[in-house]
Amino acid sequence: MIDCKGKPLDLSRPQVMGVLNITPDSFSDGGDFFSPEKAVQHALQMAADGAAIIDIGGESTRPGAEPVPEADEIRRVVPVIEALQSRLEVPISVDTQKPGVMRAAVQAGAGFINDVNALREPGALDAAAECGVPVCLMHMRGDPGTMQDSPQYDDVVDEVKTFLQQRLSACVQAGIRRERILLDPGFGFGKTVHHNMQLLARLEEFDQLGQAMIVGLSRKSMIGELLGLEVGERLPASIALAVLAVERGARLVRSHDVAATWQALQMITVLHDRHREWET
Ligand code: 7PJ
């Protein structure tokens, strides 16, 4: 059980992190939940649908996205976090790269920091350590503006693992407790379809890092490229990838479609539990 500022996150079984984008331009649901009332309702629905944590972001990180000034990002996420924190039993995660947003969000009631930049922005490491909440460190090559301009690796799995190991050490050195650090290979962040497939094929190797693993595959463009599907058509394939990732060690699956994803993960958990019973 991981404590997220008083709210528990149980990773003894695979869980769903529900995505709440408060942005006009996120690639799969941009603009859908831009008004605070809609955002709050959607978060409550995701919690009712089985999300173990709600990830709230005010800046799109889709390829080519424009950066959002810190004050604007705070204005987007803080009112929603404040409105939700007493109404949600599950923890709230803030999806940000900016130290000022981390502080404001945790002050408002967030109990988890999800940083696609792995706390590399100046001041972010100290801000996260001071906030005293669990963090997700994700691998990204480049930045959202340029990351998909022909990324290259000698061995993507080794390079992502080395990066995460280094960020993990930096966090531990900054005073963040190891049990509170989750790692994410960052599907689609500076990676071609081929790189994403290599990461999936060898996902079990990330267990060697000794930390709980998060994956985000929901509606991502690799599905579009491999199957020729539009964003709104990608749920079944997203579930297939979520199931595969969980079978290969992922503990938290970031998803836009909580009810369906949670049903799939519950099914796997029941099968594993029963299998153990029958074997004994
Ligand atoms: C991820 C994320 C991911 C983590 C986004 C999208 C793009 N955070 N934030 N992992 N992706 N930890 O939702 O497709 O893969 S934004």
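In each ligand, atom 1 is the first atom listed, and ligand 1 is the first ligand listed.
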Using a 4.0 Å cutoff against the non-hydrogen atoms of [X], which atoms of ligand 1 qualify?
{"X": "N114", "result": "4 (C), 8 (N), 12 (N)"}
{"X": "C136", "result": "12 (N)"}
{"X": "D95", "result": "9 (N)"}
{"X": "H256", "result": "13 (O)"}
{"X": "K220", "result": "1 (C), 3 (C), 6 (C), 11 (N), 14 (O), 15 (O)"}
{"X": "F189", "result": "1 (C), 5 (C), 11 (N), 16 (S)"}

Are there more than 12 heavy atoms of other residues, nucleotides or ligands under 6.0 Å from atom CZ of R103?
->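 More than 12 within 6.0 Å, yes.
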Would one find more than 12 heavy atoms of other residues, nucleotides or ligands at under 6.0 Å from atom CD of Q107?
->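 No.
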Using distance alone, decide if ligand 1 has a nitrogen or oxygen within less than 3.5 Å of any nitrogen or oxygen in S218.
->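 Among all N and O atoms of S218, none is under 3.5 Å from an N or O of ligand 1.
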Quick check: does T61 get an N/O under 3.5 Å from an N/O on ligand 1?
->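 Looking only at distances, the answer is no, because the N/O contact criterion of under 3.5 Å is not met.
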State, without any angle test, whether T96 and E59 hold a side-chain donor-acceptor pair at a distance under 3.5 Å.
->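 Checked: T96/E59 side chains show no N/O donor-acceptor pair below 3.5 Å.
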How far apart are the closest heavy atoms of I268 and V246, and which atoms are they?
->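 It is CD1-CG1, 4.3 Å.
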Over all heavy atoms of both residues, which pair between G100 and I74 is shortest? Give the atoms and the distance, please.
->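 So the minimum-distance heavy-atom pair works out to O-CD1, 3.8 Å.
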Which bit of N21 is near ligand 1, meaning a heavy atom under 4.0 Å away: side chain, backbone, both or neither?
->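 Neither part.
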For ligand 1, the portion of V116 having any non-hydrogen atom under 4.0 Å away =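 V116 to ligand 1: side-chain contact only, backbone stays beyond 4.0 Å.
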R180 side chain to P134 backbone, donor-acceptor under 3.5 Å |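 Not confirmed, R180 side chain does not pair with P134 backbone.
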Mind checking what makes side-chain contact (heavy atoms from CB on, under 4.5 Å) contact with A259, not counting sequence neighbours?
->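 Applying side-chain contact (heavy atoms from CB on, under 4.5 Å) to A259 gives D49.
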D184 near ligand 1 by a heavy-atom separation under 4.0 Å =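 Distance cut 4.0 Å: D184 passes for ligand 1.
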Please state whether R62 comes within less than 4.0 angstrom of ligand 1, counting heavy atoms only.
->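 Contact absent.
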Quick check, are the ring centers of H195 and Y153 under 6.0 angstrom apart?
->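 Yes, ring centres under 6.0 Å apart.
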